[in-house]
Amino acid sequence: AHAYNLLINACSRNGKYNDATLLFQEMQEQGLEPNLVTYNLMLSVYGKMGPWDRVAGLFDEMKNRGIRPDEYTYNTLIGACRRDSLCEEAIIFFDEMKAVGCKPDRVTYNSLLDLYGKSRYHDEALNTLQEMEKNCCPPNIVAYNTLISAYSKAGFYCEAIALKDTMLSKGIHPDVFTYTSLLSGCDKAGRPGKAMEIFKEMKNAGCTPNLCTYNTLIGMYGKKGKFEEMMKVFDELRSSGCTTDIVTWNTMLSVFGQNGMHVELSQVFKEMKAAGFVPERETFNTLICAYSRCGSVEQAMTIYRGMLKSGLCPDLATYNAVLAALAREGLWKQAEKVLTEMKGGRCKPNEISYCSLLNAYANGKEIKRMKDLADDIYGGTIYPC
RNA sequence: UACGCUUCUAUCUCC
């Protein structure tokens, strides 16, 4: 079992979750009993992909087989709750772990912080931070970075910077995670000047930027159309010994989309493939959005069909990108079809989806349909999400 | 009883 655990772990680290699942099946077919670590590993794998029921089912299974969950198990379960913002479930695990005598540690609290932060429950996150102090778990750098990331994503860049100063005052030195979060936060808040201050501070503090940092800066300059600055970031990226990754390419695609630079967009996509990068789901999502912004729904839809053909599964962002593309052209009949498809599938429409449909009606001059849909939404006949 | 394999944070997409 130990050998299988090592293999499963290797797959999990490389994102090969299906292979991990196959190994898990294989070991049982060979008559080997999965042990505690095996279950912990698989809970982590299932938590990263696939339906929640599978996580819950596996947890039941291990208990039924008489394997007692440990701190790792509960930490993994709470971590798995983050993907779908399952706050209630996380609290149940948190209480259960204390009830069975497992002591929450920093990882437990940090996972809760991340869950609350990504779910935009900022008050709960702060409460958790205080509970950590109380329970002799003073927040470490991961805890601070987690909160800073949450604030940055939510657009609260001032709060994020303040938290960075708090951690400094406690003698915890911000690292490349901290600074990259802050840069991204300033960018999202439309404060590139502030971002540059942070970047200078980062270098003065002796913190070396990495590829994530450069990708953030490329996106920041690029979307503002500051291409000379953007190229300087590329130069620095290369001279620092980094090499571009798929996120760099996705960022470039997004940048040319946002600037409506159709020719460059197609060119970069070609170069990306020539460089040997295999488009991922996020690449396709970016392309659908980018072509639409360049005024080409046809190409956006071609990309969408290409994505389906390549065997990738659309997610909510894909559908919403398609809906937004159709909406821009007022193609409300097609938008309705997509929405119907969503209702019958795994990705239920959210607020953004319905906004796009409203937009599609508006741009298609279908005032009556628009009003009716708005009434349904505000009247509670339709529940987004 | 302890220890070992397993659990937490940043950059791209739904404008």
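Quick note on labels: first sequence line is chain A, next is B, and so on, each numbered from 1.
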Counting only non-hydrogen atoms, which of [range] are less than 4.0 Å from RNA chain B?
range                       : answer
residues 232-257 of chain A : Val247(A), Asn250(A), Thr251(A), Ser254(A)
residues 304-336 of chain A : Ala317(A), Asn320(A), Ala321(A), Ala324(A), Arg328(A)
residues 262-290 of chain A : Glu282(A), Asn285(A), Thr286(A), Cys289(A)

**Report entry** Listed once per pair and sorted, the ring-ring contact (aromatic ring centres under 6.0 Å, His included) pairs that draw on residues 285-328 of chain A, sequence neighbours left out
**Finding:**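 Residue pairs passing ring-ring contact (aromatic ring centres under 6.0 Å, His included), neighbours aside: His262(A)-Tyr291(A).
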Query raised in the report: Angle class for the Trp332(A)/Tyr361(A) ring planes (parallel below 30°, perpendicular above 60°, tilted otherwise)?
Result: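 Tilted: the ring planes of Trp332(A) and Tyr361(A) meet at 30° to 60°.
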Query raised in the report: Angle class for the Phe24(A)/Tyr46(A) ring planes (parallel below 30°, perpendicular above 60°, tilted otherwise)?
Result: perpendicular
Could you pull out all residues at least two apart from [X] that satisfy side chain to side chain contact (heavy atoms under 4.5 Å, CB included)?
X         : answer
Arg305(A) : Met301(A), Thr302(A)
Asp175(A) : Ile141(A), Asn145(A), Phe177(A), Thr178(A)
Lys103(A) : none

Report task. Taking only Lys NZ, Arg NE, NH1 and NH2, and the carboxylate oxygens of Asp or Glu, determine whether Lys98(A) and Glu71(A) approach each other closer than 4.0 Å. Result -> no
Query raised in the report: Thinking salt bridges, do Lys194(A) and Glu197(A) make one under a 4.0 Å N-O criterion?
Result: yes
Query raised in the report: Quick one: what's the B/S/- string for nucleotides 4-9 of chain B, heavy-atom cutoff under 4.0 Å, read 5' to 3'?
Result: -BBBBB
Atom pair distance, as rounded to whole Å: [atom1] in [X] and [atom2] in [N]:
X         : N       : atom1 : atom2 : value
Tyr221(A) : rC12(B) : OH    : C1'   : 18 Å
Ile303(A) : rC14(B) : CD1   : C1'   : 16 Å
Tyr144(A) : rA10(B) : OH    : C1'   : 18 Å
Lys224(A) : rC15(B) : NZ    : C1'   : 13 Å

Which atom pairs, donor and acceptor, lie under 3.5 Å between side-chain atoms of residues 146-155 of chain A and protein residues at least two apart or in another chain?
| residue | atom | partner | partner atom | Å |
| --- | --- | --- | --- | --- |
| Thr146(A) | OG1 | Val142(A) | O | 2.6 |
| Ser149(A) | OG | Lys153(A) | NZ | 3.4 |
| Ser152(A) | OG | Ile148(A) | O | 2.8 |
| Ser152(A) | OG | Ser181(A) | O | 3.1 |

Query - Pairs satisfying side chain to side chain donor-acceptor pair (under 3.5 Å), at least one member in residues 222-234 of chain A, at least two apart - result: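 Residue pairs passing side chain to side chain donor-acceptor pair (under 3.5 Å), neighbours aside: Asp187(A)-Lys223(A).
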Report task. Just call it for Lys223(A): base, sugar-phosphate, or nothing, with non-hydrogen atoms closer than 4.0 Å on any strand. Result -> nothing
Query raised in the report: Is Arg68(A) atom CZ crowded by more than 12 heavy atoms from other residues, nucleotides or ligands, each under 6.0 Å away?
Result: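 Incorrect, the count does not exceed 12.
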Query raised in the report: So, is Arg293(A) close to the rC14(B) phosphate, meaning a side-chain N or O under 4.0 Å from OP1 or OP2?
Result: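 Answer is yes, contact under 4.0 Å.
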Requested in this report: State which residues pass ring pair (Phe, Tyr, Trp, His ring centres under 6.0 Å) with Phe269(A); sequence neighbours excluded, sorted by chain then number.
Outcome: none
May I have the list of side-chain donor-acceptor pairs in residues 49-63 of chain A shorter than 3.5 Å, sequence neighbours left out?
| residue | atom | partner | partner atom | Å |
| --- | --- | --- | --- | --- |
| Glu61(A) | OE2 | Tyr39(A) | OH | 2.9 |
| Lys63(A) | NZ | Glu96(A) | OE2 | 3.2 |

